[in-house]
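Both counts, for ligands and for their atoms, begin at 1 and track the order of listing.
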Amino acid sequence: MNARDSEKIAGTLERIGYQIVEKEDADFVLYNTCTVRENANLKVYGNLGHLNKSKRKNPHMMIALCGCMMQEDAVVERIQKNYKYVDIIFGTHNIYKLAELIQARLDSKSMIVDIWKEAKEIVEDLPSERKFKYKAGVNIMYGCNNFCTYCIVPYVRGRERSREIKDIVREIEGLVADGVVEIMLLGQNVNSYGRHGLEEKTTFAELLKEVEKIEGLKRIRFMTPHPKDFSDDVIEVMKNSTKICKHVHLPVQSGSSEILRKMNRHYTKEAYLDLVSRVKAAIPDVGLTTDIIVGFPGETEENFEDTLDVVRKVGYEASFNFIYSKRSGTPAATMENQVPEDVIHERFNRLLETVHETSTVENAKHQGTIQDVLVESVNTHEEGFVSGRLSNNLLVHFKGTEDMIGTIVNVRLDEAKGFYYIGEIV
Ligand code: 5AD
Ligand code: SF4
């Protein structure tokens, strides 16, 4: 979601005459911040400290901060007090105002702060500087209504609101005309698409059917579905589709029904495993990935064992593992029985080992098969090689040339290497 916002920000800046450089000694430095875990916040303060020195050398330099972290009052107060050399602060709901905010800063002598608590409307057709020519992310909804007890997102991204199907389809048609072959439909909980903010309610399954019809589009991905809302309709649409990739990122967060209840996730271990069985039965060869939090308040050894059990039973391709981070303002931050750090680290290492063992076995299952691969980039480690992605999201490296990027080729998967394959075009 943030990466997609960054493309809109870059697009706006280019439109008003800026040139993008990846260095912090630029005349204009902007941080699009994350706040989902505390480490992300700490990085921003660290970077701001360094920027102070650059700004002393280059007094015309401007510093802007935006993104989720800026939606927190305490953060903005701290920046106003301790980092007075910041020029512009804005939030997640008013990205489209950036050009105006820069002008306001040039016209005045003081820091410009413009944070909205809620979005007033969805602003369509922002300029966008896309990172990749052949693939693109497309927002289908904004915000989140789920209030998982560890999560700051509902407080910084506001309530759920969906875009109209016709606006989404129009955007994708434009992208396809511009050379895009793969799109990623983006939302905090894509399975509740269509419930809020539309003139007429609709569903994610309906949206998928409409997107499937777009001529020239080759691959459809989506992120992130919430297990509690994953409907059989969506499974059915995936089963019958020729474009939706055989990959589901399905965050489990914990394998313990007790912890899941405390997390306010609205599913049990059994319901999650049942959903996984239904997805696997309908879509053979589907690749599953997940997010897991270790050390949620009150997590016992037995609760953690349940998480390992789910990892073994599902056989994930990969898992994004997070140490629980206390986000002030969320209900979990004040829960009793916060788990000691050494216990969390010991569990975290055991989780990594288990994921590694199970995913190595799972990922090797495709060895010897021939698969459609979208070529994504030139391989930087091995000369004469390119890297591409299978429908199930696994990476494969094989001999190829730069002009293949953005095309779909047939590759035989020769050698399973854990998280990737070495293959050959056939
Ligand atoms: N601590 C650790 N991980 C978190 N996530 C969200 N909030 C927290 C937190 N407070 C993780 C979840 C989510 C992913 C994007 O970030 O696993 O799915
Ligand atoms: Fe956070 Fe839960 Fe919403 Fe995901 S569904 S953004 S974890 S509150």
For the residue pair Met1 and Gln188, establish whether any side-chain heavy-atom pair is separated by less than 4.5 Å. yes

Arg221 side chain near His249 side chain, heavy-atom distance below 4.5 Å: no

Out of all atoms in ligand 2, which are within 4.0 Å of some heavy atom of [X]? Include the element for each.
X	value
Phe147	8 (S)
His226	5 (S)
Cys144	3 (Fe), 5 (S), 6 (S), 8 (S)
Arg265	2 (Fe), 7 (S)
Gln188	6 (S)
Pro154	8 (S)

Taking atom types as modelled, find out whether His397 and Asn379 have a side-chain donor-acceptor pair closer than 3.5 angstrom. yes

For Asp229 and Asn189, test the side chains for any donor-to-acceptor distance below 3.5 angstrom and give the result as yes or no. yes

Is Ile152 touching ligand 1 with its side chain, its backbone, both, or neither, if touching means heavy atoms under 4.0 Å apart?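 Answer for Ile152: neither.
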
State which residue, out of Ile112, Val113, Ile95, fulfils the side-chain contact (heavy atoms from CB on, under 4.5 Å) condition with Leu101. Ile112

With Leu65, which of Val29, Asp87, Ile79 fulfils side-chain contact (heavy atoms from CB on, under 4.5 Å)? Ile79

How close does the nearest protein non-hydrogen atom get to [atom], and which residue and atom is it?
atom	value
atom 6 (C) of ligand 1	Val36 CG2, 3.5 Å
atom 7 (S) of ligand 2	Tyr150 OH, 3.3 Å
atom 17 (O) of ligand 1	Gln253 OE1, 2.6 Å
atom 3 (N) of ligand 1	Phe322 CB, 3.5 Å
atom 4 (C) of ligand 1	Ile293 CD1, 3.7 Å
atom 9 (C) of ligand 1	Ser325 O, 3.6 Å
atom 7 (N) of ligand 1	Tyr150 CD1, 3.3 Å

Salt bridge between [X] and [Y], side-chain N to carboxylate O under 4.0 Å?
X	Y	answer
Lys209	Glu206	yes
Glu77	Lys81	no
Lys135	Glu182	no
Lys166	Glu210	no

Stacked cation flag Lys417 on Tyr420, 6.0 angstrom / 45 deg: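 Checked: cation-pi criterion not met.
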
Going by the order shown, which atoms of ligand 1 are within less than 4.0 Å of some heavy atom of Arg327? 10 (N)

Which ligand 1 atoms are under 4.0 Å away from a heavy-atom of Tyr324? 1 (N), 2 (C)

So if I apply the ring-ring contact (aromatic ring centres under 6.0 Å, His included) rule between Tyr324 and each of Phe296, Tyr150, Phe348, which one comes out positive?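 That would be Phe296.
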
How about Tyr83 and Tyr45: are their ring centroids closer than 6.0 Å?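 So the answer is yes for these two rings.
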
Looking only at distance, does Asp291 have an N or O less than 3.5 Å from an N or O of ligand 1?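 Such a contact does occur with ligand 1.
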
Measure from atom 1 (Fe) of ligand 2 to every heavy atom in Gly143, Cys148, Cys151, Pro251 and give the option owning the shortest one.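 Residue with the shortest heavy-atom distance to the ligand atom: Cys151.
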
Out of His226, Lys326, Arg37, His249, indicate the one that has the non-hydrogen atom closest to atom 16 (O) of ligand 1. Arg37

Val153 near ligand 1, heavy-atom distance under 4.0 Å?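 No.
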
Just to be sure I read this right, does ligand 2 sit under 4.0 Å from the backbone of Val153, its side chain, both, or neither, counting only heavy atoms?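 Side chain only.
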
